[in-house]
Amino acid sequence: MAQTNAIQLLGTNQNAIHNFTIQHCRFEGFSTAISGQGVKGLIIQNNIFASPRGHDNAQDNSQPAAYIWLADNFNGQCFDVKILNNEVSGFTGADITKTKTLRPMDGFVIAIAYGIQIKGNIMRNFSEEHIVLQPKITFVQSTDSAWITGNHFYQAIPSGSMKNGSLLDANYGIRAECNNLMITDNSFHEYSLGILMRPFEFPKLTDHTITITGNKFSSAGNNVYHVREAI
């Protein structure tokens, strides 16, 4: 029932963690596999993120459960982050209806980062946003870029997944409200909503530079998925 973390990086502005690499690991059964603040130079690559009991492996309640969570707060920020070539699934079991929460993990990445590249990852079986990039807080005018490229989003929702007492029929590939954003050459398979941006919720955001190019969206559509906008 409690929040659990496999690897928690807690640097500060004055004493940051430098050049930390996490690779060739398997994460299973945590609320958050990797959480960080106060890190300069973080590489997360070639790992496996698995959840045989979906959201139950995190907590058997409705608390958010994402594998990677990077913060921007009064303690410290994350700079120069690379999340590369990981295999990720929000549910690796056989029957989601045998779990208590009846749904997969929420997503792969929730991040506020100054310079982030998310590339070459294969993601599947999530109940909410696969990747969430939030607005910069501490250095609002930063021109550091965010680049999401060459990923595969398999957005099919496990049959029988529930949310608030109803069948779960929609999720998101990417939600992003940060500046200097590039979303290029990704594939969104069986999407219900591919890319979502709602910057009007953050009135202090200015100078948006957003490029979306070379992405592929495909969805057969059936009685399980509610197909909405690609972008």
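Below, each value reflects all heavy atoms present in this structure, side chains not excepted, and no hydrogens, waters or symmetry copies.
- Both Tyr67 and Leu9 belong to a single network of hydrophobic side chains, linked directly or stepwise wherever heavy atoms of I, L, V, M, F, W or Y lie under 4.5 Å apart.
- Side chain to side chain, Glu190 and Ser219 fail the donor-acceptor criterion of an N or O pair below 3.5 Å.
- Ring geometry for Phe188 versus Phe217: interplanar angle under 30°, hence parallel rather than tilted (30 to 60°).
- Partners of Gln45 according to the side-chain hydrogen bond (donor to acceptor under 3.5 Å, both in side chains) rule, which considers only residues two or more places apart in sequence or in another chain, are Gln23.
- Inter-residue side-chain proximity for Ile7 and Ile22 is flagged as met; some heavy-atom pair is nearer than 4.5 Å.
- Placement of Tyr172 and Val88 in two distinct hydrophobic clusters is found when ILVMFWY residues are connected by side-chain heavy-atom separations under 4.5 Å, directly or transitively.
- Under the 4.5 Å side-chain heavy-atom criterion for grouping Ile, Leu, Val, Met, Phe, Trp and Tyr, Ile174 is connected to Phe49 within one hydrophobic cluster.
- Ring orientation note: the planes of His152 and His189 are close to parallel, at an angle under 30° on the 30°/60° scale.
- Using a 4.5 Å heavy-atom threshold, the side chains of Leu84 and Ile44 count as separate.
- Ionic pairing of Arg175 and Glu201 is present here: one or more N-O contacts between side-chain nitrogen and carboxylate oxygen are shorter than 4.0 angstrom.
- In terms of heavy atoms, Gly90 sits closest to Ser51 at O-CB, 3.6 Å.
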Ser192 vs Asn171, test: side chain to side chain donor-acceptor pair (under 3.5 Å). Steps then yes/no. CA-CA 6 Å; Ser192 50; Asn171 59 9; 3.1 Å; yes
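- A donor atom on one side chain and an acceptor atom on the other are found under 3.5 Å apart for Asp106 and Ser127.
- A single hydrophobic cluster is seen to contain both Ile148 and Ile210, as judged by linkage of ILVMFWY side chains at heavy-atom distances under 4.5 Å, directly or through other members.
- With hydrophobic clusters built from ILVMFWY side chains whose heavy atoms lie under 4.5 angstrom apart, Val81 does not share a cluster with Ile110.
- Side-chain contact check for Gln37 versus Trp69: every heavy-atom pair is 4.5 Å or farther apart.
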Mind running ring pair (Phe, Tyr, Trp, His ring centres under 6.0 Å) on Phe139 and Tyr114 for me, showing each step along the way? CA-CA 9 Å; Phe139 306 112; Tyr114 296 87; 5.4 Å; yes
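- A salt bridge links Glu128 and Lys163; the closest N-O separation between the charged side-chain nitrogens and carboxylate oxygens is under 4.0 Å.
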